[in-house]
Number of protein chains: 2
Amino acid sequence: MLDDEDTVTAEGTPDPRKAWETVLASIEGDLLSGRLGPGDHLPPERALATALGVGRSSVREAVRVLEVLGLIRTQTGSGPQSGAIIVARPSGGMSLLMRLQVAARAFPVDDVVSTRLILEAAIATQLASGPFDLSPARELLDSMDAPGLGAADFLALDAQFHVSLAAASTNTVLAAMMAGLRDSVEGYVLASAPDADAWPDTAARLRAEHRGIVAAIDAGDPDTASARIRDHIHGYYLQTTTPKETPW
Amino acid sequence: MLDDEDTVTAEGTPDPRKAWETVLASIEGDLLSGRLGPGDHLPPERALATALGVGRSSVREAVRVLEVLGLIRTQTGSGPQSGAIIVARPSGGMSLLMRLQVAARAFPVDDVVSTRLILEAAIATQLASGPFDLSPARELLDSMDAPGLGAADFLALDAQFHVSLAAASTNTVLAAMMAGLRDSVEGYVLASAPDADAWPDTAARLRAEHRGIVAAIDAGDPDTASARIRDHIHGYYLQTTTPKETPW
DNA sequence: GGTACGGTGTGGTCAGACCACATGCTCGAC
DNA sequence: GTCGAGCATGTGGTCTGACCACACCGTACC
C-alpha cells in the first residue's frame, strides 16, 4: 500500500530524509505559510500519519520534538483543549537545551555566566534608556524582603527577578535566552549557596544590589545600571566559585 | 538507579511522568553524574528500553529529542561509529529552536535582530579587549572579496563571518546563540536581498564595514568596534525592511 | 430540568515485526 | 599464507496494530 506512493510517485528517489524529518518539515512549512498559527490545533496524529504517508510513531517523534522545543502543548482526552495546540513558549525549550548542553560539558558554566552578564548588562542599558514596565520586577523585590526566607526560596525569587528584567525589555528572544541561561545553571547555583551562617549577610547584600539596579534604571542612567548589573552578577559568581582567572 | 518497573512496585504511585521523560531524565542524570560524557555511546535503544522498563518507542522519542537538541548523533549499522554518540553540538538545536519559534510567530524578527545586535556588539567589545584568534574571520573576509560573487553566496559567507566572530570570543554559548539567531532569520535575509542592480554597491559597502570592524578590533578599540558592529547590522536591517519605529 | 452513563476521539504506550546499513568474521579460492 | 566474497550480527529507522487513560458530549433515564 505504501510502496511507491511517497514523494515522487514515478521516480525512484526513495526520499533520503527520515520520516520524522518529513513530518517536522511539513509542520514548519505550514507555520511559515500561515496555514498554522498560535492557538491552532495540529491534526490528530493518526490523520497526520496517513496524510504524510508515514507511520504514527514517526509523527510522534516529530510532535515530541515540537513539544520539548516549546512550540506545542499536548493533552489527552477530547474536546477543544485536547490534542496538540500551538502555543510557542520558547523558554522551556531554551532551558532544556542549555541545561543538557551544560550537562554534556559542551557549555562551560563560565561561558553561561559571562553570556548572562553580557545579556543582562545590555538589558539594563536598554531599560534605563526608555519607559518600560518594571512593576513585576518590583513586586519580586518586595517578595524578597520577606523575613526568614531560606536561601533556596530567595534564590528562586532572585532568578525570577532577573528573568523579569529581561521580560520587561519586551524582547521575547532576550527573555527566553535569559530564562534558559538561568535554568541551565540552577543546579550549580543552589549547590553553591552559602551556608546558613553567612546567608543573612549575603541576602542583605543581594537585596541592596537589586534595589540599586532598579534605582539606576529609574534614574535613566544606563551606564550605572549596566555597571551595577555587572558587579552584581560577577560579584556573586566570584564569591561562590573558586576564582581561577576572572572570566572575561 | 531507581528501582526499575514502574517505580514503586508495591505502592500505588503509577509514575506520573511520561515514559519518554523518564528516559530523558535518566540520560540527563548519567550526564550530570559523569557516567556519560562526550564521545560515549548511549546504550542501544532496545537495551535502554528494557533497562528502564519502557517501550522502545518511548526511548526513541527521548533519543530524537537529544538528537535535535544537538546532544547526540545517531548512525545505523554496526561498529564503533554506529549507534547514538554524545557529540554536544549546540548550534544545530539552537538554530532549530529559534527558526521554529520565528515561524510560529513567538519570536518577532525585530527581536531577533535586536538581540543579535546586542550580542555582536558585546562580542566586538570583548574581542577588541584582548588577544583572540581572528584568522578564520579574516579568511572569510578574503573569500568575500572574490569578484562576481552572487548575493546568496556573499550573504552565506557574511553569515559565517559573523558567526566566526562569535566563535573567536571562545565563548561557546555566545557562538551557539549567534548561529541560532542567524539561521532563524536566514530565510528573511535571503528574501530581502537587494536585486542585481543595487547589489554591487551594497556588497562593496558591506565589505568595507567588515574590514572596518576587524580593524577596530585589531586596534584594540572596543568602543569603535562595538559602534561599527551596531551600525553595520542596524544599517543593513533598516535598508532591507520597511522602517517603522527603529527597534530598540 | 437535571443527572448519570456510555460512546467517541484524542494522546500515551507497548509489542512485534521488518528493513537498511555498517561492520567484522568465516571460509573458500588461489 | 593471503586475499576476497559472502554471510552473521547488531544497530538505528519504520510501520502496524493493539491497548490504555482520559476528557468531552450526547443521550437516556430519573
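Chain letters run A, B, ... following the sequence lines, proteins first and then strands; every chain starts at 1.
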**Report entry** A/H162 side-chain N/O to A/E120 backbone N/O, donor-acceptor pair under 3.5 Å
**Finding:** no
Query - B/D133 and B/S135: side chain donor to acceptor below 3.5 Å - result: yes
Query raised in the report: Contacts to DNA chain C from residues 72-79 of chain A, heavy-atom cutoff under 4.0 Å, which residues?
Result: A/T74, A/Q75, A/T76, A/G77, A/S78
Report summary line: When every non-hydrogen atom of B/S184 is compared with those of B/V112, the smallest separation belongs to OG-CG1, 3.7 Å
Query raised in the report: Any side-chain hydrogen bond (donor to acceptor under 3.5 Å, both in side chains) pairs touching residues 26-35 of chain A, not counting sequence neighbours?
Result: A/E28-B/R99, A/D30-A/R35, A/S33-A/R35
Report summary line: Rounded to whole Å, the CZ-P distance (B/R46 to D/dT9) equals 15 Å
Report task. Consider only side-chain N and O atoms of B/R89 and A/Q101, and report whether a donor and an acceptor are under 3.5 Å apart. Result -> no
**Report entry** DNA chain D: 5'-proximal contact among A/P80 and B/G83 (nearest heavy atom)
**Finding:** B/G83
Query raised in the report: How close or far is atom P of D/dG13 from atom CG of B/L66, stated in whole angstroms?
Result: 12 Å
Query raised in the report: Starting at CD of B/E61 and ending at C1' of D/dT14, how long is that distance when rounded to a whole Å?
Result: 14 Å
Report task. Have a look at A/V54 and say if it touches a base, only the backbone sugar-phosphate, or nothing, with a 4.0 Å heavy-atom cut-off. Result -> sugar-phosphate
Query raised in the report: Rounded to the Å, how far apart are B/R56 CZ and D/dG10 C1'?
Result: 11 Å
**Report entry** A/D183 versus A/S95, closest heavy-atom pair with distance
**Finding:** OD2-OG, 2.6 Å
Report task. Report which part of the nucleic acid B/S57 touches: base, sugar-phosphate, or nothing (heavy-atom distance under 4.0 Å, all strands). Result -> base
Requested in this report: Flag the pair A/R73 and A/E67 as a salt bridge only when some basic side-chain nitrogen lies within less than 4.0 angstrom of an acidic carboxylate oxygen.
Outcome: no
Query raised in the report: OP1, OP2 of D/dC15 versus side-chain N and O of A/S58: anything below 4.0 Å?
Result: yes
Requested in this report: Go through DNA chain C in 5' to 3' direction and return only the first and the last nucleotide with some atom under 4.0 Å of chain A's heavy atoms.
Outcome: C/dG9 to C/dT13
Query raised in the report: Taking CD from A/Q81 and P from D/dC25, how many angstroms apart are they, rounded to a whole number?
Result: 11 Å
Report task. State, yes or no, whether a side-chain contact exists between A/I86 and A/L31 at a heavy-atom distance under 4.5 Å. Result -> yes
Report task. Would you kindly give the CH2-to-P distance between A/W20 and D/dT14, to the nearest whole Å? Result -> 9 Å
Query raised in the report: What is the ring orientation for B/F161 with B/H210, classed by angle as parallel under 30°, tilted 30 to 60°, or perpendicular over 60°?
Result: tilted
